[in-house]
Undergrad: 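Structure below; questions to follow.
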Amino acid sequence: MPWRYRSSAAIAIILATVLWPGRSIAAPPVSFDIPRTTLSDALARFARQSGRQLLFAPSDAAGRRGAPVHGSLDPDRALAKLLAGSGLRARAAPGGAILLEPVPVARPALLSLIDPEEIAPAEVAKAPDIVVVGTPGGGRRRQDAAFAVTSIDRAAIDRLAPASTADVLKLVPGLTIESSGGKNGANIFVRGYPSGGDAEYVTFQTEGVPFFPPATLSFLENSQLYRIDETVQRVEAVRGGTGALFASGQPGVTINLVQREGGNHLEGVAKLGAITDGEVRGDALLSGPLGADNRFMVGGYYSRGDGIRSPRFDADRGGQITANLRHDFAHGSVLVFARYLNDRSQWLLPIPVEQNGRHISAYPGFGSGTGTLAGPDTRIGTLNDGQRYDLEDGRGARIVHLGANLEGDLGGGFTVRDKLSWLAGRADTTGLVSGDFAPESAGAFAASLGGTIASLTTVSDGRAVSPDQAVVEAGVWTVRKRVHALVNDATLEWKDGPSKATIGLYATRYGSRDRWDTGNDLLLTATPNAERLNMTLADGEIVTRDGFASGASFLVDARYTGTDLAFYGVEELKLSDKVRIDAGVRHQHHSVDGTVAGNEPAGPGGIDGNPLTLYDNDDAVLSGRTSRLRYRSGAWSWTIGANVDITRAFGTFARFSHGNSFPFFDNLRDGITVAPQVDTVEGGIKLSSRSLSLYATLFHNSFRGLATTVITNGAPLASIGGARATGVELEGVWRPIRPVSITFSGTWLDAHYRHFYTDDGLTDLTGNRVQRQPEWQWRVTPAWDFAIGGRKASLSTTVSYMGDRWSDVQNAQRLPRFWKWDAGLTVDMTQRLRLQATADNITNAIGLTEGNPRMLGAQGTGAIFARPILGRSVELSARYGF
């Protein structure tokens, strides 16, 4: 059956199941070995063996004992059995976490009327309630946190079936995620912070420690250094709040990827998936005990395929393997982990589409959801400077990552923690980057050069091509990066009654060895999997060589080394059972050293000295001269916040924070030394009940000294200044009846530039909307747990909305609003085997996420260059657990 028919059939099956009645779905069984012991110890064992997160006050568990639990059981039933007779009950927190609380005294008969299934939170919660990023020490219950936090558990990750790490962050309000650039080419924008792309103001961590401290470098956003697979237990995100104090001190958003760990019994997972584009992926995981005090986990994935925008070669290929080992000792534990990633995918860039106001349609003959200029004819070649390239190299990373977490109880209320990370490897990019002009006839292209066509042929076979053939230019860009980073974050915590004080020392040294070759424009047919063209003008001028109409326009040969040293301190004080306040301060010293080679024109007539060969006349070459970079600066950050629990289920918080960022390597190379400063005022409400969990945050940001850079007309163009943003973030889950849940999240954002200048300071963009971030965006996911012929199943569907945006700081290239519809179905064939189907972009919506950053001003109407979201696809997978 052709893939397109299989796709339609799969979608029909998913939608048809809406008509089927059923009952609640439970999680797969887990092997438990919990003896009769104190309730606190029993709950700790349950959390480790099940992978579930438990929230409870130590005073509630004091003096109570847990019932023994042995054998292979559903985790909800196991918890109900453990709590039997304890006086505590469990309910779903706003996520995969489980909240334990005393049975209300006013209703003493309630416990005896509730069976184990009713006590246990059978609903799959949508976000864990423990956060270990953006907080000192071991974490903070979400209901107690005086900042905005989202946590995404394994069930939510499985339901989403993300194609990339960045896709998971679509569940986090306040962030605008563009994953249309491929699995390793995302843009992540934060709360109205001005940014030209990649993932500025986003810190990625694993196990609470950053693995590459620069939030972003040109052609490197840190989500491409870590892929989501079965080894990831949950993903946590702290927006604003205390993030400016901890780890790398990033004031934007801190993302923590938490690994699974082994339990007391040997367990494993094997998963095989296939996508309608022909990609096949296999995942595996094995975990369990190694002796009495050791637990291990090892797992990973491997995938291979063309990708939805197929270039007709294996553009997406690679895998990852992760392992960890935890050792528990008398007064603490140590976790060591290792990861190897070797993964790449096609770097997807703007393609031809048709725009008429807010209406976007496909360019004739070019599939908006599946088309790409890259193809067999453009895959391999030689640049003017002799460098060979292969588009199959794509964008990705090949890195080794090692780390360790140590925690020890020193007695007297003192706890020491140390988190270490070392990473080294390559993060290279090779892509076919759209040019400045939209499709036009070959004759019009020749006229723009001041001539007429004498000959126009295909490079591959010399076939004559009509002057009326629509053509485009696209450049072969190669970026080679060797990166390394050593990070250590050590803290000492002291608890004394209502007070908890934390002091920390953060130190890191990191670097990058860069070699860029951008420009290198090819003259191509304006068709999917385009063909290279050779052109000669009537006056004898030779326009192309093997399709190349130009060589390098911007070269980089540079080495950079950065060092950061910071100390921080935080005091958290519980004023009463309902009121907590915290305040903290951080000082960070940032230094960068490096060398950068200079660019210069190739000289009269270009590289070959012949002015009639137009393809190399304007090439840039390295001058042979280098300049040194040296930057030294320091800055203070601080925050103060308060949290008030009005009831056990309802609370509110308020916070002010002042954060700093520093210019990283690319800014300093371009002569930009401004250091961003961000002041944030935020407050919110938090509601956590059995039927409704709701979190709403109001924030206002004020930015100074911000800089964004895009490569336009072959060289970096910087825009510098400030901005202000006010917004509301909303997220939660409503459970109207037991088998039904409705998860929702959304953001309203009013963000404008303020004293923001571009064109070397000639143009003031004050009042313009901050680029690439909409005023409105939201997503709603209803889910229904039911049964098919006695087999447990779950059906979900997601409707998401992205409002109007501007692709550029000038607000000349509009990205019209669009809707997107996805759906998913899981069926438990047995207690061990689960089948899943996920349909993405069911309606084949054309949603633009980028215009043409290589040109200034509006592109006009009709044919333009822009980057749409990926077209419709269906993923089918089978998961076996033991």
Side-chain angles (χ1 to χ4, degrees), residues 1-18 157-164 166-168 170 179-185 227-229 271-283 301-319 343-348 351 362 365-372 374-376 392 394 528-529 794-800 818-827 834-847 849 867-879:
M1 180 186 294
W3 274 114
R4 62 179 181 274
Y5 298 125
R6 297 183 193 179
S7 173
S8 300
I11 294 169
I13 292 170
I14 291 171
L15 299 180
T17 56
V18 175
I157 294 172
D158 289 341
R159 176 167 287 172
L160 182 65
S164 68
D167 276 334
V168 175
K170 292 178 180 179
S179 57
S180 58
K183 297 177 181 178
N184 295 301
R227 293 296 303 274
I228 298 290
D229 58 19
K271 181 178 178 181
L272 181 65
I275 307 177
T276 48
D277 61 12
E279 179 180 351
V280 177
R281 169 167 164 157
D283 289 71
Y301 79 93
Y302 182 80
S303 67
R304 184 166 185 167
D306 288 6
I308 295 172
R309 298 191 184 277
S310 173
R312 294 166 49 199
F313 54 80
D314 283 342
D316 296 358
R317 183 170 60 188
D343 182 274
R344 65 178 185 268
S345 63
Q346 183 185 183
W347 186 28
L348 302 176
I351 61 173
F366 213 109
S368 59
T370 57
T372 178
E392 191 178 78
N529 309 133
S794 180
L795 174 70
S796 65
T797 186
T798 297
V799 176
S800 56
F818 65 91
W819 301 73
K820 184 170 175 281
W821 180 29
D822 311 318
L825 171 68
T826 62
V827 179
R834 169 170 290 183
L835 303 182
Q836 179 170 344
T838 304
D840 185 75
N841 195 7
I842 294 172
T843 61
N844 242 347
I846 304 176
T849 60
R867 185 167 63 189
I869 61 175
L870 298 178
R872 178 172 52 238
S873 66
V874 175
E875 179 180 0
L876 306 175
S877 66
R879 182 182 189 274

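Predicted, not measured: the structure shown is a model, and the values here were computed from it.
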Undergrad: W821 pairs by side-chain hydrogen bond (donor to acceptor under 3.5 Å, both in side chains) with which of T798, T843, T797, D840?
TA: T797

Undergrad: For the backbone of T372 and the side chain of Q346, can you confirm whether one donor and one acceptor N or O come within less than 3.5 Å of each other?
TA: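 Checked: no pair found.
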
Undergrad: Which value, rounded to the nearest 0.5 Å, describes the distance between T826 atom OG1 and D158 atom CG?
TA: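 It comes to 9.0 Å.
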
Undergrad: Looking at A845 and W819, what are the two nearest heavy atoms and their distance?
TA: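 Answer, listing the atom of A845 first, then W819: CB-O, 3.2 Å.
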
Undergrad: Shortest non-hydrogen contact from R872 to N841?
TA: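 Taking every non-hydrogen atom into account, CB-O, 3.2 Å.
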
Undergrad: Out of curiosity, D277 CG to T370 OG1, how far, rounded to the nearest 0.5 Å?
TA: 10.5 Å

Undergrad: Is it true that a side-chain atom of S873 and a backbone atom of T276 form a donor plus acceptor pair closer than 3.5 Å?
TA: no

Undergrad: Under 3.5 Å, is there a donor-acceptor pair between the R867 and S180 side chains?
TA: yes

Undergrad: Looking only at non-hydrogen atoms, find the nearest pair between R309 and P868 and report the distance.
TA: NH2-O, 3.2 Å

Undergrad: Hydrogens and angles aside, do R159 and S794 bring a side-chain donor and acceptor to less than 3.5 Å of each other?
TA: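 A donor-acceptor contact under 3.5 Å links the two side chains.
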
Undergrad: Would you say N529's side chain and S310's backbone share a donor-acceptor pair under 3.5 angstrom?
TA: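 Side chain of N529 to backbone of S310: a pair is present.
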
Undergrad: Show, in sequence, the C-alpha distance, side-chain angles and deciding distance for E875 and S877, and conclude whether the side-chain hydrogen bond (donor to acceptor under 3.5 Å, both in side chains) test is met.
TA: CA-CA 7 Å; E875 179 180 0; S877 66; 5.2 Å; no

Undergrad: Are the side chains of I869 and T849 in touch, meaning some heavy atoms are under 4.5 Å apart?
TA: yes

Undergrad: Check L835 against A878 and note the closest heavy-atom contact, atom names and distance.
TA: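 So the minimum-distance heavy-atom pair works out to CD2-CB, 3.6 Å.
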
Undergrad: Would you find a donor on one side and an acceptor on the other, under 3.5 Å apart, between the side chain of R344 and the backbone of E392?
TA: yes

Undergrad: Whether R281 and D283 form a salt bridge (side-chain N of Lys/Arg under 4.0 Å from carboxylate O of Asp/Glu) is what I want to check.
TA: yes

Undergrad: I need the single residue from R227, R317, K183 that forms a salt bridge (Lys or Arg N to Asp or Glu O under 4.0 Å) with D343. Which is it?
TA: R227

Undergrad: List the atom of P162, the atom of I228, and the distance in Å for their closest heavy-atom pair.
TA: CG-CG2, 4.5 Å

Undergrad: For K170 and S179, which I'm curious about, is there any donor-acceptor pair between the side chains at under 3.5 Å?
TA: yes

Undergrad: Search all heavy atoms of A315 against all heavy atoms of D306 and return the closest pair with its distance.
TA: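 The answer is CB-O, 3.7 Å.
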
